[in-house]
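For the numbers below, each heavy atom of this structure counts, side chains included, while hydrogens, waters and symmetry mates do not. In what follows, residues are counted from 1 in the order of the sequence shown.
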Amino acid sequence: MRNWLLATFTKHKPTRKSPRLTLVGAGPGDPELVTLKAVKAISNADVILHDALVHPSLLEYAKPEAKKIFVGKRAGKHHHKQEEINQLIVENALDHGHVIRLKGGDPFVFGRGKEEKEFAESFGIEVDVIPGVTSVTLPGYYGIPLTKRGVNESFWVITATTSSGKLSADVTLAAQSTATVVLFMGLKKAREIAEVFEGVGKNHLPVAIISRGSWEDGKVHFATIDTLEEQVASQKIASPALIVIGEAVGSHEYFYEQMKQVTAEIW
């Protein structure tokens with residue numbers, strides 16, 4: 001890093017434009033779920049660094065001469081490490097002026113936006129943040145409330161898999177509450193998640209698994225805690241996916257239809 005810092009200050013001559021970074025939330029997939037302020041920022045950018053969760057049509061708002069750099073992750077292919085992205089931000093801001101870091105969802109919700117902001121600021125680069133429609137609100141897109149009067153008073157948002165690869169201890173805490181629990185990065189932890197909720201007697205708690213956000217191929221799957229692992233395996237659910245758990249999830253029409261069917265079979 002020290003050598004890179006020295007090279008950066010000697011190699012990159014200041015551009016006539018003031019170096020600037022704008023962290024922009026691109027929303028959960030649907031290109032219409034983006035703010036007007038985000039569109040204006042994209043259209044004024046000199047360089048756009050975008051990830052795999054950004055809908056390609058958003059890049060059409062950019063100036064023809066704008067430089068576009070893909071820095072996202074693709075299964076089985078090389079992807080940029082966060083340190084490399086940080087360096088690209090600084091280098092392009094110094095060389096070209098206004099850099100947009102276009103990130104899926106919201107930059108400050110499991111998006112490492114704060115790290116990028118602090119790194120750019122350490123070089124004296126001005127930073128603005130434009131919030132995005134976060135994936136946390138995706139349940140509503142599919143008619144699933146995060147809160148419902150008389151059912152729950154809160155919701156927890158947790159990254160299920162920690163940086164060490166283990167299940168977050170917060171899942172155990174959340175399972176003991178009446179809150180709706182929204183889990184990022186939980187598909188590979190489906191069995192462990194189910195075991196935690198079963199451990200507090202919530203075997204039949206409703207679950208929604210939202211795959212591919214609000215993209216054109218986005219889809220919601222339903223289960224209960226005791227069928228969660230089986231559902232994830234049998235449906236071959238695609239990433240990225242959210243796992244949403246709680247009584248409020250049970251207010252979706254799917255569960256009403258299931259209850260009607262069971263009642264009909266009994267009678």
- Item | Under 3.5 Å side-chain donor-acceptor pair for His55 and Glu216 | yes
- Message: Given 3.5 Å as the limit, does a donor-acceptor pair link the side chain of His252 with the main chain of Tyr142, or not?
- Response: yes
- Query: Which heavy atom in Ile193 sits nearest to a heavy atom in Gly186, and how many Å separate them?
  - Reply: CD1-O, 3.7 Å
- Message: Taking Ile210 as the starting point, is it possible to reach Val182 by hopping between hydrophobic residues whose side chains are less than 4.5 Å apart?
- Response: yes
- Task: Check whether Tyr141 and Leu242 end up in the same hydrophobic cluster, where Ile, Leu, Val, Met, Phe, Trp and Tyr are linked by side-chain heavy atoms less than 4.5 Å apart.
- Result: yes
- Item | Lys103 side, atom NZ; Leu23 side, atom CG - distance, nearest 0.5 Å | 7.0 Å
- Nearest heavy-atom pair of Ile237 and Ser211: which atoms, and what distance? CG2-CB, 3.6 Å
- For His98, does its backbone N or O pair with a side-chain atom of Asp46 as donor and acceptor, under 3.5 Å? yes
- Nearest heavy atoms of Asn152 and Thr178, plus distance in Å: CB-O, 3.2 Å
- Message: What's the separation between atom NE2 in His80 and atom CG in Asp51, rounded to the nearest 0.5 Å?
- Response: 12.5 Å
- Query: Does the distance from a Lys or Arg side-chain N to an Asp or Glu carboxylate O, for Lys117 and Glu121, drop under 4.0 Å?
  - Reply: yes
- Taking atom types as modelled, find out whether His204 and Asp226 have a side-chain donor-acceptor pair closer than 3.5 angstrom. yes
- Task: Mark yes when over 12 heavy atoms from residues, nucleotides or ligands other than Phe222 sit less than 6.0 Å from its CZ; otherwise mark no.
- Result: yes
- Item | Leu167-Val232 co-clustered via ILVMFWY side chain contacts under 4.5 Å | yes
- Query: Under a 4.5 Å cut-off applied to non-hydrogen side-chain atoms, are Val207 and Ile243 in contact?
  - Reply: yes
- Query: If we only count heavy atoms from C-beta on, is the Leu59 to Leu102 side-chain gap below 4.5 Å?
  - Reply: yes
- Message: Can you confirm whether more than 12 heavy atoms, excluding those of Glu253, are under 6.0 Å from its CD atom?
- Response: yes
- Report yes if the side chains of Ser18 and Arg20 come closer than 4.5 Å at any heavy-atom pair, otherwise no. no
- Message: I'd like to know whether Val133 forms a side chain to side chain contact (heavy atoms under 4.5 Å, CB included) with Asp30, so could you lay out the CA-CA distance, the side-chain angles of the two residues, the decisive distance to 0.1 Å, and finally the verdict.
- Response: CA-CA 10 Å; Val133 177; Asp30 184 340; over 6 Å; no
- Message: Which residue is it: Thr224, Val181, Asn203? I am looking for the one with a side-chain contact (heavy atoms from CB on, under 4.5 Å) to Phe197.
- Response: Val181
- Would you say Glu60's side chain and Pro56's backbone share a donor-acceptor pair under 3.5 angstrom? no
- Is Leu94 linked to Ile89 within one hydrophobic cluster, defined over Ile, Leu, Val, Met, Phe, Trp and Tyr using a side-chain heavy-atom separation of less than 4.5 Å? yes
- Hey, what do you get for OG1 (Thr180) to CD (Glu247), rounding to the nearest 0.5 Å? 9.0 Å
- Item | Lys68, NZ: over 12 other non-hydrogen atoms inside 6.0 angstrom | yes
- Residues Glu84, Lys81: salt bridge by 4.0 Å N-O rule: no
- Cluster link Val109 to Leu146, ILVMFWY, side chain under 4.5 Å: yes
- Minimal heavy-atom distance between Gly132 and Pro107, with the atoms involved, is N-CD, 4.1 Å
- Ser177 versus Ser154: any side-chain heavy-atom pair under 4.5 Å? no
- Message: Nearest 0.5 Å, please: how far is NZ in Lys189 from CG in Leu228?
- Response: 13.5 Å
- Query: Any donor and acceptor pair, going by atom type alone, linking the side chain of Ser239 with main-chain N or O of Ala241 inside 3.5 Å?
  - Reply: no
- Closest heavy-atom pair, Asp170 versus Trp156, reported as atoms and distance to 0.1 Å, is O-CZ3, 3.8 Å
- Message: One pair to check against side chain to side chain contact (heavy atoms under 4.5 Å, CB included): Ser251 and Val151. What are the steps and the verdict?
- Response: CA-CA 10 Å; Ser251 66; Val151 176; over 6 Å; no
- Query: Thr22 versus Asn44: any side-chain heavy-atom pair under 4.5 Å?
  - Reply: no
- Task: Would you indicate whether the side-chain heavy atoms of Arg101 and Val71 approach each other to under 4.5 Å?
- Result: yes
- Begin with the C-alpha distance, continue with both residues' side-chain angles, and end with the deciding distance and a verdict on side chain to side chain contact (heavy atoms under 4.5 Å, CB included) for Leu187 and Ile209. CA-CA 9 Å; Leu187 282 185; Ile209 309 154; 4.1 Å; yes
- Task: Dump the intermediate steps for side chain to side chain contact (heavy atoms under 4.5 Å, CB included) on Ser168 and Thr159, then the final yes or no.
- Result: CA-CA 7 Å; Ser168 171; Thr159 177; 5.6 Å; no
- Nearest 0.5 Å please: distance from the CZ atom of Phe119 over to the CD atom of Glu83. 9.0 Å
- Judged by atom type as modelled, is there a donor-acceptor pair below 3.5 Å linking the side chain of Ser234 to the main-chain atoms of Glu230? yes
- In this structure, are over 12 heavy atoms from other groups packed under 6.0 Å from Lys63 atom NZ? yes
- Calculate, to the nearest 0.5 Å, the distance between atoms CD and CD1 belonging to Glu198 and Ile225 respectively. 7.0 Å
- pair Phe108-Thr134: side-chain heavy atoms closer than 4.5 Å: no
- Message: For a quick test of reading the model, state the closest non-hydrogen atom pair linking Ile130 to Ala38 and the distance between them.
- Response: CG2-N, 4.0 Å
